[in-house]
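What you see below is based on every heavy atom in this structure, not just the backbone, and it leaves out hydrogens, waters and symmetry mates. Indexing begins at 1, ligand by ligand and atom by atom, following the structure's order. All of these numbers come straight from a predicted model, not from anything done at the bench.
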Amino acid sequence: MGVGGSITVAVATLLLEGAPDVTDGSSWVNKMIRLPGMTVLDVVDGDDELVITVESTAESVFCRGCGERAEAQDRTPRSVRDLACFGRPVRLVIRQRRWRCRRVWCASKTWTEDLEQLCDTAVLTRRAGAEACRQVGQHARPVAVVAREFGVCWWTVMNATIEHGTPLADDPDRVGPVIKLGVDETSFQAARPGQATRYVTGLVDLDRCRMIDLVRGNAAADLRRWCANADPVWLSGISVVATDLAESYRAGLSPHLDHATRVADPFHVVRVANRCVDKVRRRVQNDTKGHRGRKRDPLFRVRKLLLSGAERLTDDGARRFELGLRAGDPRDEVLGAWLAKEGVRDVYLAENRADAELLLDKTIAGCKADDVAEVRSLGDTLARWRTEILAHHSTGASNGPTEGLNLLVKEVKRCGRGFENFEHYRLRVLLRAGRPVWPHRPSPPILRTRNPHAYA
Ligand SMILES: [Zn+2]
């Protein structure tokens with residue numbers, strides 16, 4: 001039996017503990033490798049990997065066809081990857097037994113033994129597959145990087161993530177009852193020649209900040225289809241739904257969520273107003289200068305000040321803001337849009353619903369009477385969503401708390417460097433942001449650094 005370098009250090013440790021049987025060298029190595037029903041035959045210290053040869057210890061096996069005691073035929077070696085050992089990839093060479101039925105008439109003839117850690121086609125042991133899934137799903141690490149660490153190909157790791165991750169993501173107990181539902185779109189694939197930007201719709205539990213599901217597309221039909229497939233009892237428990245100002249979502253929530261109070265998410269309402277300011281600024285810029293914003297143009301220089309809240313302007317900022325508008329906004333169009341935007345923001349500063357209603361109606365009336373088309377259009381949008389905007393004051397619902405969740409989704413997106421496959425994307429987002437219950441992993445006691453400062 002050949003025993004490799006780093007293993008000898010470990011055996012010394014184990015010997016000091018006095019536990020293993022020194023006459024049988026495989027007992028300590030069996031202990032370390034921990035594969036029940038298997039025994040280690042050989043450990044070879046290869047250059048790039050540790051090669052561990054194991055075989056099963058099962059001696060009496062019965063035929064699946066007739067129940068007769070089977071006869072051992074031979075063993076065939078099969079290489080799979082296991083968890084890394086002492087920082088080195090491990091190749092497990094499993095000498096898998098073939099059994100034979102002695103009865104001539106039995107249809108079973110010969111078969112290869114089933115091993116707990118192995119499925120027929122995988123090149124990863126089950127525990128290595130589960131670990132690969134955890135690395136990709138829970139820690140949002142790129143599949144390619146994990147694959148390189150294990151010494152397998154990309155698809156092996158992705159398949160392991162699907163195999164071990166799908167039951168976690170689809171676990172009906174993962175979501176539980178939801179009272180406040182958030183619906184929000186995110187881009188899935190950026191536009192490219194021949195294809196417009198593709199969107200997905202995220203459904204979020206606003207109270208527990210948990211991604212419930214991800215739906216392909218952002219059209220009314222996509223959302224309606226999802227609602228139709230959801231458990232009606234579960235849907236009936238939802239009392240508030242927060243969305244952005246998209247008509248498609250308003251239509252898609254009907255009829256399955258007609259019972260819930262609809263709320264326009266404050267962040268998105270303010271964003272609509274901000275976009276109006278931007279639009280007017282760009283047009284005025286073009287009208288007065290004849291080109292798009294440049295570094296020295298007065299309006300371009302205050303573009304960020306225009307979007308920040310009035311109460312956040314410093315004295316210097318306010319001066320620059322005033323100067324920029326005086327120089328670049330001859331007909332006060334940008335100023336009008338900015339005032340409308342501030343009007344919208346004031347609605348959320350109101351302390352009660354009555355005040356908010358008053359402020360919103362004032363803003364809507366102001367917008368509708370404005371000379372600038374963009375501002376009038378903002379007024380129309382606000383009027384269409386008046387009920388939903390004001391519902392924020394009675395329910396307190398907003399997609400605000402899900403900001404952290406969006407960061408997790410972004411992590412997945414970034415590490416995937418653009419997804420082609422929606423199902424893969426959905427699974428990985430749910431594993432990262434859906435808070436599945438991961439299988440227990442032992443947490444060893446922490447060995448602390450002997451840092452003198454720690455004792456000071
Ligand atoms: Zn048989």
Side-chain angles (χ1 to χ4, degrees), residues 1-4 7 20-21 23-44 46 49-85 89-134 147 150-172 439-441:
M1 165 157 178
V3 172
I7 295 288
D21 173 7
T23 54
D24 177 10
S26 65
S27 70
W28 56 267
V29 91
N30 277 336
K31 238 182 213 182
M32 291 204 314
I33 287 169
R34 234 193 228 184
L35 285 169
M38 302 258 213
T39 186
V40 176
L41 301 178
D42 193 18
V43 180
V44 177
E49 59 185 2
L50 207 60
V51 183
I52 303 175
T53 309
V54 297
E55 67 177 27
S56 65
T57 51
E59 283 307 330
S60 65
V61 168
F62 296 92
C63 171
R64 271 174 286 189
C66 65
E68 173 72 15
R69 197 187 170 112
E71 234 170 30
Q73 174 158 302
D74 55 4
R75 289 185 184 266
T76 44
R78 183 177 154 197
S79 283
V80 293
R81 287 275 177 218
D82 199 8
L83 296 172
C85 170
V90 168
R91 176 203 295 267
L92 217 52
V93 180
I94 301 178
R95 287 166 32 90
Q96 217 169 354
R97 173 107 75 175
R98 259 192 310 187
W99 297 96
R100 180 176 60 217
C101 182
R102 318 174 205 222
R103 286 186 173 152
V104 184
W105 49 264
C106 178
S108 292
K109 305 234 187 296
T110 65
W111 66 93
T112 310
E113 66 184 345
D114 287 332
L115 297 172
E116 189 200 327
Q117 279 294 332
L118 228 53
C119 78
D120 290 343
T121 50
V123 289
L124 280 176
T125 55
R126 275 192 209 288
R127 63 186 186 184
E131 180 59 22
C133 174
R134 192 191 288 269
F150 273 95
V152 292
C153 68
W154 189 94
W155 267 108
T156 301
V157 169
M158 193 62 228
N159 283 337
T161 308
I162 294 170
E163 184 193 335
H164 294 270
T166 307
L168 300 179
D170 291 347
D171 180 6
H440 172 73
R441 155 189 265 186

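Partners of R34 according to the salt bridge (charged side-chain N to carboxylate O under 4.0 Å, His left out) rule, which considers only residues two or more places apart in sequence or in another chain, do not exist here. Not counting sequence neighbours, A84 has no partner by the side chain to side chain contact (heavy atoms under 4.5 Å, CB included) test.
Take the Zn ion (ligand 1) and draw a sphere of radius 2.8 Å; the protein N/O/S atoms inside it number 4.
Of all non-hydrogen atoms in R95 and L41, the two that sit nearest each other are NE-CD1, 3.6 Å.
Annotation: the span from L92 atom CG to T125 atom OG1 amounts to 7.0 Å, rounded to 0.5 Å. The line from OG1 of T166 to NE2 of H164 is 10.0 Å long, rounded to the nearest 0.5 Å.
Residue pairs meeting the salt bridge (charged side-chain N to carboxylate O under 4.0 Å, His left out) criterion with at least one partner in residues 105-118, sequence neighbours excluded, are R64-D114.
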